[in-house]
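First up is the structure itself, then whatever we jot down about it.
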Amino acid sequence: MKSSTWSGWIGFTGCLVLVIGVANFIEGLIAVIRGSYYVLTPSQVIVFDVKTWGWIMILWGIIVALAGLALLAGQGWARWFTIFVGFLTFFTQLGFLGAAQYPLWALTILTLTVIMLYGLLVHWNDAETV
């Protein structure tokens, strides 16, 4: 008989994806409401103005949160989509980490994303057979 530990990890990961989606949403909301909150130095490259970037982050947060809900609902496609979303979030936050003014925020999201990817990539077959 297999342990249900890994199926618990998948549930935890689904909740974690929701938290990451909400955090991305809040990050974007701050950029839209208070455009001067995020400080950019002349050496930083940003393709959009801060408000446009904020709207992109709001939409991204909604997508991530919906992926978490699909994962919690046990949708098979949600695992691979969430892994893809996790890698994109990871690299997005690495770029945000380069903005030395807010490293703790980026490190928090990076840590949550690594834990999320661990929950999705390690022993997935064990979770499916329970």
Side-chain angles (χ1 to χ4, degrees):
M1 180 175 205
K2 295 217 180 218
S3 170
S4 64
T5 302
W6 291 108
S7 61
W9 260 98
I10 301 305
F12 172 73
T13 302
C15 292
L16 197 57
V17 173
L18 279 171
V19 169
I20 293 168
V22 169
N24 284 330
F25 181 85
I26 291 170
E27 187 177 8
L29 198 60
I30 290 170
V32 169
I33 293 172
R34 297 180 59 199
S36 61
Y37 183 79
Y38 294 109
V39 178
L40 297 174
T41 63
S43 64
Q44 292 175 304
V45 177
I46 188 164
V47 178
F48 307 106
D49 67 343
V50 175
K51 288 196 186 261
T52 304
W53 175 78
W55 282 110
I56 292 169
M57 289 307 293
I58 287 173
L59 292 174
W60 182 248
I62 292 170
I63 290 169
V64 172
L66 289 175
L69 289 174
L71 191 63
L72 285 173
Q75 301 295 318
W77 60 268
R79 175 191 181 210
W80 293 109
F81 182 73
T82 308
I83 290 170
F84 174 73
V85 163
F87 279 114
L88 283 178
T89 299
F90 186 83
F91 288 113
T92 302
Q93 291 301 323
L94 275 179
F96 197 57
L97 185 62
Q101 292 81 12
Y102 310 102
L104 186 59
W105 179 266
L107 286 174
T108 301
I109 302 297
L110 282 170
T111 304
L112 292 175
T113 304
V114 167
I115 295 169
M116 175 194 79
L117 289 172
Y118 175 81
L120 291 171
L121 294 171
V122 177
H123 298 288
W124 179 265
N125 292 333
D126 292 344
E128 287 182 338
T129 59
V130 172

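Not measured: the values here are computed from a predicted model. Residue numbers count from 1 along this sequence.
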Shortest non-hydrogen contact between L71 and A78, atoms and distance: N-CB, 3.6 Å
Before giving the answer on side chain to side chain contact (heavy atoms under 4.5 Å, CB included), spell out for E27 and W53 the whole-Å C-alpha distance, their side-chain angles and the decisive distance to 0.1 Å. CA-CA 10 Å; E27 187 177 8; W53 175 78; 3.7 Å; yes
In this structure, CD1 of I115 is separated from OG1 of T13 (nearest 0.5 Å) by 9.5 Å
List the atom of M116, the atom of V17, and the distance in Å for their closest heavy-atom pair. SD-CG2, 3.1 Å
Using 30° and 60° as the class limits, which term best fits the ring planes of F84 and F81: parallel, tilted or perpendicular? tilted
What distance do M57 atom CE and L29 atom CG have between them, rounded to the nearest 0.5 Å? 12.0 Å
With clusters defined by side-chain heavy atoms of hydrophobic residues (ILVMFWY) lying less than 4.5 Å apart, directly or transitively, does L59 cluster with I26? no
Does any non-hydrogen side-chain atom of I109 lie less than 4.5 Å from one of F90? no
Can you see which heavy atom on I83 is nearest to which on L117, and at what distance? O-CD2, 3.8 Å
For the CH2 atom on W80, are there more than 12 heavy atoms of other groups (residues, nucleotides or ligands in this structure) within a distance under 6.0 Å? no
For the pair I58 and W55, evaluate side chain to side chain contact (heavy atoms under 4.5 Å, CB included) and give the outcome as yes or no after the intermediate values. CA-CA 5 Å; I58 287 173; W55 282 110; 4.0 Å; yes
Return each pair, listed once, that meets side-chain hydrogen bond (donor to acceptor under 3.5 Å, both in side chains) where at least one residue sits in residues 59-69; pairs must be two or more places apart or across chains. W60-T89
Applying side-chain contact (heavy atoms from CB on, under 4.5 Å), can you list everything that pairs with L69, at least two apart in sequence or on another chain? L18, L66
Any chance you could measure L88, atom CG, to T113, atom OG1, to the nearest 0.5 Å? 11.0 Å
Can you tell me how far apart CG (L112) and CD1 (I20) are? Round to the nearest 0.5 Å. 5.0 Å
Atom CZ of F25 and atom CD1 of I63: how far apart are they, to the nearest 0.5 Å? 12.5 Å
